[in-house]
Amino acid sequence: MLRLLLVWFSLMLLLGVTLGAAFLPLGEAKPWIAYGIAAAKAGLILWFFMDMRKEGGLLRLATGAALLWIVFMITLIAADYLTRS
Amino acid sequence: MAEERHLHEPFHEVERQEEADRLGMLVFLGSEAMLFGGIFAAAMTLRLLHPQEYIAASGQMKLWHGTLNTAILLTSSLLAAVAVEAARGNRPLWARRALWAAVALGAAFLGIKGHEYCLEYRAGVIPGLAPFGLRSAFEQLFMNLYFVATGLHALHLIAGMVLLSIAALNRRAQEDVHAVLIGNVALYWHLVDLIWVFLYPTIYLAGAAQ
């Protein structure tokens, strides 16, 4: 139970950090920081709240596969738009 | 034996059966993640093609509504995880309390989202309902994305609240130390939270400094 509370506290801290960072003049780095923090929050939720830390390889693979395909889709679409002249 | 009553065909071991239960849920959640993946891909495309306009449109969003709702959903996820832990620790009463508390936070989220939609209706920025039309074609695109993304998310949230309530009303589910029903319902609720964690920077944070 204490572990869950610590994870929740970290999530709230990350929310504060991402909100603060949105007001800083970080230029091009801004979306990277915002989505980086979102990914960190997602990692905490997956690992502790969704119990991935206790699951075996099969369930981790099933979850990871979904995330991997989304990463492929986002990367390929970005590769298209970023390389158009 | 409680263990044997819990077991059903074609499984011979409780561990295998539990793994299969969770695998089914996670594969379903993977398909849900794909659905929202398309929306995030659309948001990224809008932002890459029109970076300035995207930030300006995001700046019109109600940042504090979005931030408060993020905190509410993260807390409700904690409560769902607590419910699973309580059921596994043979504390059905605490599991029930945590489930109802998560439902209450879900309702609070919907209330805040509803208030936000009301403010947007009054500001005349809802595509199709705006009396004088939206300011630009891009704003129309952004608002379409906003309502599709948050509307679809809200539908999932309502479904999650129904599932949490079913688990909260089911005494047998709370007394099940394997937490099969509560565990799977909690997984669904965490996904609703995960999607919001990414919607927050996409919709609200992009233009926060505007």
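Because only heavy atoms are used, hydrogens play no part in the values below, and waters and symmetry mates are left out as well, while side chains stay in. Order of the sequence lines fixes the chain letters, A, B, ..., with proteins taken first and strands second; residue numbering starts at 1 for each chain.
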Shortest non-hydrogen separation from B:Val27 to A:Ala62 and the atoms involved: CG2-CB, 4.4 Å
By a 4.5 Å heavy-atom criterion (distance strictly below it), what part of A:Thr18 contacts chain B: side chain, backbone, both, or neither? both
Which portion of A:Ile45 sits near chain B, non-hydrogen atoms under 4.5 angstrom: side chain
Pairwise side-chain contact, A:Leu82 with B:Leu48, heavy-atom cut-off 4.5 Å (strictly under): yes
For the CE atom of A:Met52 and the NE2 atom of B:His190, what is their distance to the nearest 0.5 Å? 10.0 Å
If one checks every heavy atom of B:Ala186 against chain A at 4.5 Å, the contacting part turns out to be neither
Name the one of A:Ile37, A:Ile33, A:Leu19 that satisfies side-chain contact (heavy atoms from CB on, under 4.5 Å) with B:Leu205? A:Leu19
Rounded distance (nearest 0.5 Å) linking atom CZ of A:Arg60 with atom CG of B:Leu26: 12.0 Å
Distance col, row B:Arg22:CZ vs A:Leu58:CG, nearest 0.5 angstrom, shows 12.0 Å
For the atom pair CG (B:Leu74) and CZ (A:Phe9), what is the distance rounded to the nearest 0.5 Å? 13.5 Å
Rounded at 0.5 Å granularity, tell me how far CD in B:Glu18 sits from CG in A:Leu59. 10.5 Å
For B:Trp100, I'd like to know if atom CH2 has over 12 heavy atoms of other residues, nucleotides or ligands within 6.0 Å. yes
For B:Arg171, does the CZ atom sit with more than 12 other heavy atoms under 6.0 Å from it, leaving out its own atoms? no
Given side chain to side chain contact (heavy atoms under 4.5 Å, CB included), test B:Leu63 with A:Phe23 step by step and report yes or no. CA-CA 12 Å; B:Leu63 177 66; A:Phe23 288 98; 3.5 Å; yes
Checking B:Met44 against chain A: side chain, backbone, both or neither under 4.5 Å from a heavy atom? side chain
Before giving the answer on side chain to side chain contact (heavy atoms under 4.5 Å, CB included), spell out for A:Met50 and B:Leu29 the whole-Å C-alpha distance, their side-chain angles and the decisive distance to 0.1 Å. CA-CA 12 Å; A:Met50 294 175 87; B:Leu29 294 184; 4.2 Å; yes
Options B:Leu187, B:Thr75, B:Thr67, B:Val84, ranked by heavy-atom pairs under 4.5 Å with chain A, top entry: B:Thr75
Need one label for A:Tyr81: side chain, backbone, both or neither, based on atoms under 4.5 Å from any heavy atom in chain B. side chain
Given that the side chain runs from C-beta out, which part of A:Ala78 has a heavy atom under 4.5 Å from chain B: side chain, backbone, both or neither? both
With a 4.5 angstrom heavy-atom cut-off, which part of A:Leu5 approaches chain B: side chain, backbone, both or neither? both
Would you say A:Trp47 has more than 12 foreign heavy atoms packed within less than 6.0 Å of its CH2? yes
To the nearest 0.5 Å, tell me how far B:Thr70 OG1 sits from A:Leu11 CG. 11.0 Å
Which bit of B:Trp94 comes within less than 4.5 Å of chain A, counting heavy atoms only: side chain, backbone, both or neither? neither
Heavy-atom count around B:Arg172 CZ within 6.0 Å, excluding the residue itself: above 12? no
Give the minimum heavy-atom separation between B:Ala41 and A:Ile77, together with the two atoms involved. CB-CD1, 3.6 Å
Proximity breakdown for A:Met73 and chain B, heavy-atom pairs closer than 4.5 Å: side chain
Locate the shortest heavy-atom distance separating A:Ala22 from B:Ala208; write the atom from each residue and the value. CB-CB, 3.7 Å
In short, A:Lys30 meets B:Ala209 closest at the heavy-atom pair NZ-CB, 3.6 Å
Please tell me if the side chains of B:Tyr200 and A:Leu15 come closer than 4.5 Å, counting only heavy atoms from C-beta onward. yes
Answer with side chain, backbone, both or neither: which region of B:Glu19 has an atom nearer than 4.5 Å to a non-hydrogen atom of chain A? both
Is the number of heavy atoms from other residues, nucleotides or ligands under 6.0 Å of B:Arg97 CZ greater than 12? yes
